[in-house]
Number of protein chains: 2
Amino acid sequence: MYSKEIAKLAGVSRSTVSRVINNYSNVAPETKEKVERVIKEYGYVPHASAQALAGKVSKIIGIFIANIRSGDEEYRVFRNVYISPFEAAIIDQADKLGYNTLVLIINDNEDFKKIRKLFNSKILSGGIFLGANNNSKEIFGLIESGYKLAVIDQEEIKKKNVKNHIIVNSDNYTGAYKATKHLIDYGHKAIAHICGDMNKYSGIKRLEGYRKAMKEARLKIKREYIAYGDFTEDSGFKCANQILKDKNKNKITAIFSSNDTMALGAMKAIKRMDLRIPEDISIVGYDDIRIASYVSPALTTVRSPILEMASVVTDNLINFIEKGTSSSRYYIIPVELIIRESTMKLT
Amino acid sequence: MYSKEIAKLAGVSRSTVSRVINNYSNVAPETKEKVERVIKEYGYVPHASAQALAGKVSKIIGIFIANIRSGDEEYRVFRNVYISPFEAAIIDQADKLGYNTLVLIINDNEDFKKIRKLFNSKILSGGIFLGANNNSKEIFGLIESGYKLAVIDQEEIKKKNVKNHIIVNSDNYTGAYKATKHLIDYGHKAIAHICGDMNKYSGIKRLEGYRKAMKEARLKIKREYIAYGDFTEDSGFKCANQILKDKNKNKITAIFSSNDTMALGAMKAIKRMDLRIPEDISIVGYDDIRIASYVSPALTTVRSPILEMASVVTDNLINFIEKGTSSSRYYIIPVELIIRESTMKLT
DNA sequence: TAAATATTTAAACACGTGTTCATAAAATTA
DNA sequence: TAATTTTATGAACACGTGTTTAAATATTTA
């Protein structure tokens with residue numbers, strides 16, 4: 001069923017059908033009504049490719065999800081539990097605005113070529129990066145090529161030739177500050193930090209937030225307080241072991257983990273050392289993934305407003321696509337500390 | 001950058017470029033090599049819409065994910081924790097076969113029209129349903145229309161006019177049988193079942209598996225043993241309360257929940273009644289979602305081989321798309337019982 | 001060497017839709 | 001009523017690629 005046949009059935013020309021579909025003003029009301037009736041009756045839908053070829057832009061945006069590199073195969077495929085609801089929220093919001101969503105999992109730099117292909121072949125008219133590295137040259141390249149892109153969790157881009165993009169971050173810095181401050185307020189002094197992947201902006205900013213709170217309280221950050229993980233559970237386990245191996249010497253009483261997944265690994269390690277949470281070690285995570293409220297003890301953590309971030313990034317991207325007016329917009333969304341059972345006052 | 005320009009740069013005609021791209025045999029090797037060099041140098045990619053219009057089929061498949069109806073907004077958007085890794089595994093497998101994936105969340109019947117649109121406009125060349133209701137008229141309609149579809153968790157379709165589709169199920173019947181049998185082997189006799197959504201094939205078959213095991217052991221299924229949930233945590237909570245409210249009379253010592261999410265809700269309810277798991281009540285879930293191994297006590301459950309199911313369904317669908325040869329294939333994938341801490345022998 | 005055949009290429013058309021342009025019809029003004 | 005403006009409509013072209021057909025070139029055979 002094509003527009004030619006609709007035209008015949010409605011007794012008008014194909015151009016008139018096209019004008020009805022595209023809401024032109026100069027169509028007689030009764031003609032319009034007649035054509036619309038036929039369209040509805042036969043369930044006609046324009047051929048998207050033909051439309052695209054004739055100059056209409058596609059109503060599809062991409063979601064580009066960075067895969068976790070290290071760790072086991074299972075985790076690789078099953079994907080980041082923080083990212084997954086983010087994806088769902090974006091799909092939902094895009095749908096509300098009449099857009100479909102194509103999901104791509106980015107494993108290596110080869111996959112950036114796929115993105116380029118999808119844009120060049122006019123399948124996508126925009127895209128959102130999730131979990132990307134900070135300052136990614138590949139993303140800069142795509143933005144420079146003029147593709148309409150938004151990035152979650154990315155430093156403000158100051159390069160002169162990289163403009164026209166959207167960046168939405170949660171306030172990682174303040175979140176990490178609040179988390180650390182919470183431990184300080186509870187009387188802890190020897191507070192360790194399990195860093196996330198330092199290639200991600202969130203990893204960097206959360207470390208900064210931790211430093212800020214410690215500095216503000218005039219607490220010295222000893223070398224042994226810091227361990228470098230990569231946001232995976234395994235790395236959390238290893239980092240906790242490393243941090244606590246000289247516990248008698250270090251007197252560490254609290255850990256701020258850069259995300260919940262690592263915090264879970266750390267909790268396993270802590271329990272295995274026969275230390276109690278929170279009596280011996282208080283621990284704070286970040287992200288408020290679903291498991292956080294189920295583990296025992298329930299994890300104190302920082303919650304990012306995923307729904308809000310997804311709305312902001314999607315609305316802005318689609319506005320950018322349709323109006324063409326984004327001049328490097330940069331958003332920071334506030335976060336919330338959720339106090340549960342994994343932290344307690346030092347007596 | 002279009003094929004016309006490539007042709008000019010390579011000093012050949014546009015048709016020759018097309019023949020090179022589409023691997024025709026009658027192109028001189030040196031010509032072919034020359035054209036390929038230019039294509040690579042300029043990173044040329046054919047305009048997908050133009051290709052589609054000229055008769056090539058799109059390399060995009062849809063993943064249609066049914067949303068949970070009841071329950072809170074958060075859960076709605078954040079999506080089913082069982083479905084989410086499934087989606088990831090399908091995307092991964094499709095990518096390996098050179099296909100991209102468009103994800104659609106199905107909230108109501110209106111959304112089936114969207115699917116029709118996507119097929120009619122030639123954006124999609126196939127699709128996979130996740131979490132769909134059993135015997136869905138809407139899906140039957142789409143299959144009848146000739147769209148190439150696969151469905152996870154669906155009864156074998158016997159209607160004469162509904163053919164050419166692929167169905168992949170995990171062995172829900174045997175899984176539920178194993179779960180119940182496990183409890184019986186542990187000496188339990190008064191075993192309750194929290195049913196899942198009876199609109200889903202998995203909900204139906206798991207109840208059947210439970211019945212089979214009970215019958216085989218000559219255990220009577222009292223009316224109070226059965227409670228009807230809908231796969232959400234809330235419903236699990238309510239069902240457990242209902243089942244256990246006359247505990248002194250019923251002597252129920254074990255519960256088989258139709259999925260893990262409801263089992264979590266049930267565990268909350270059980271704890272709130274000051275009963276111990278597994279000392280007072282043993283509980284078995286289904287799906288082996290990630291949280292299952294983190295809760296305390298860790299949940300005994302049934303694991304479906306998600307990766308395998310995703311491979312089977314994706315491989316078959318793409319084969320169907322490319323070769324056009326599927327005559328109602330029906331697959332059942334075996335499952336595995338994972339025994340953890342939430343079940344114990346009755347002494 | 002001429003003829004027959006095999007190989008390679010270029011031109012032309014098709015795919016379905018949007019849009020421009022010219023024209024016909026209707027409405028308004030003089 | 002005639003002239004002008006406004007409105008409505010259909011014909012023709014453009015979008016980029018695949019494919020068919022006819023022609024040109026190279027190769028082989030007699």
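Chain letters run A, B, ... following the sequence lines, proteins first and then strands; every chain starts at 1. What you see is a predicted model; the values in this text were computed from it and never measured.
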Considering only heavy atoms from C-beta outward, does the side chain of H165(A) approach that of V151(A) to under 4.5 Å? no
Taking 4.0 Å as the cut-off, does a side-chain nitrogen or oxygen of N22(B) come that near to OP1 or OP2 on dG18(D)? yes
Rounded to 10°, the angle between the first-five-pair and last-five-pair axes of the helix from dT1(C)-dA30(D) to dA30(C)-dT1(D) is 40°
Looking only at atom types and distance, does a side-chain atom of E144(B) sit under 3.5 Å from a main-chain N or O of K163(B), one as donor and one as acceptor? no
Which atom pair, heavy atoms only, marks the closest approach of V20(A) to K32(A)? CG2-CA, 4.0 Å
Say whether, by atom type as modelled, one donor and one acceptor occur between the side chain of N316(B) and the main chain of V312(B) under 3.5 angstrom. yes
Extract, from 5' to 3' on DNA chain C, the first and final nucleotides lying under 4.0 angstrom from some heavy atom of chain B. dT8(C) to dG16(C)
Under 3.5 Å, is there an N or O donor on one side and an acceptor on the other linking the side chain of S15(A) and the base of dA11(D)? yes
Output yes when at least one side-chain N/O atom of T16(A) is less than 4.0 Å from OP1 or OP2 of dT9(D), else no. no
Using every non-hydrogen atom in the two residues, find where A94(A) and T101(A) come nearest and quote the distance to one decimal. CB-OG1, 4.0 Å
For D153(B), does its backbone N or O pair with a side-chain atom of N169(B) as donor and acceptor, under 3.5 Å? yes
Would you indicate what S18(A) reaches in the nucleic acid, counting non-hydrogen atoms under 4.0 angstrom: base, sugar-phosphate, or nothing? base
Contact summary for Y2(A) and H47(A), nearest pair of heavy atoms: CE2-CD2, 4.4 Å
Among L149(A), V313(A), I167(A), I152(A), which one satisfies side chain to side chain contact (heavy atoms under 4.5 Å, CB included) with F129(A)? L149(A)
If you count heavy atoms of other groups shown closer than 6.0 angstrom to OH of Y42(A), is the number above 12? no
Out of dG18(D), dT19(D), dT9(D), which has the shortest distance to the side chain of V27(A)? dT9(D)
Please list residues of residues 40-58 of chain B whose heavy atoms come under 4.0 Å from any atom in DNA chain C, ordered by number; otherwise none. L53(B), A54(B)
So does D315(A) get a backbone contact from the side chain of N319(A), meaning a donor-acceptor N/O pair under 3.5 Å? no
At under 4.0 Å between heavy atoms, what does V12(B) touch on the DNA or RNA strands: base, sugar-phosphate, or nothing? sugar-phosphate
For the side chain of N134(A) and the backbone of E155(A), is there at least one donor-acceptor N/O pair under 3.5 Å apart? yes
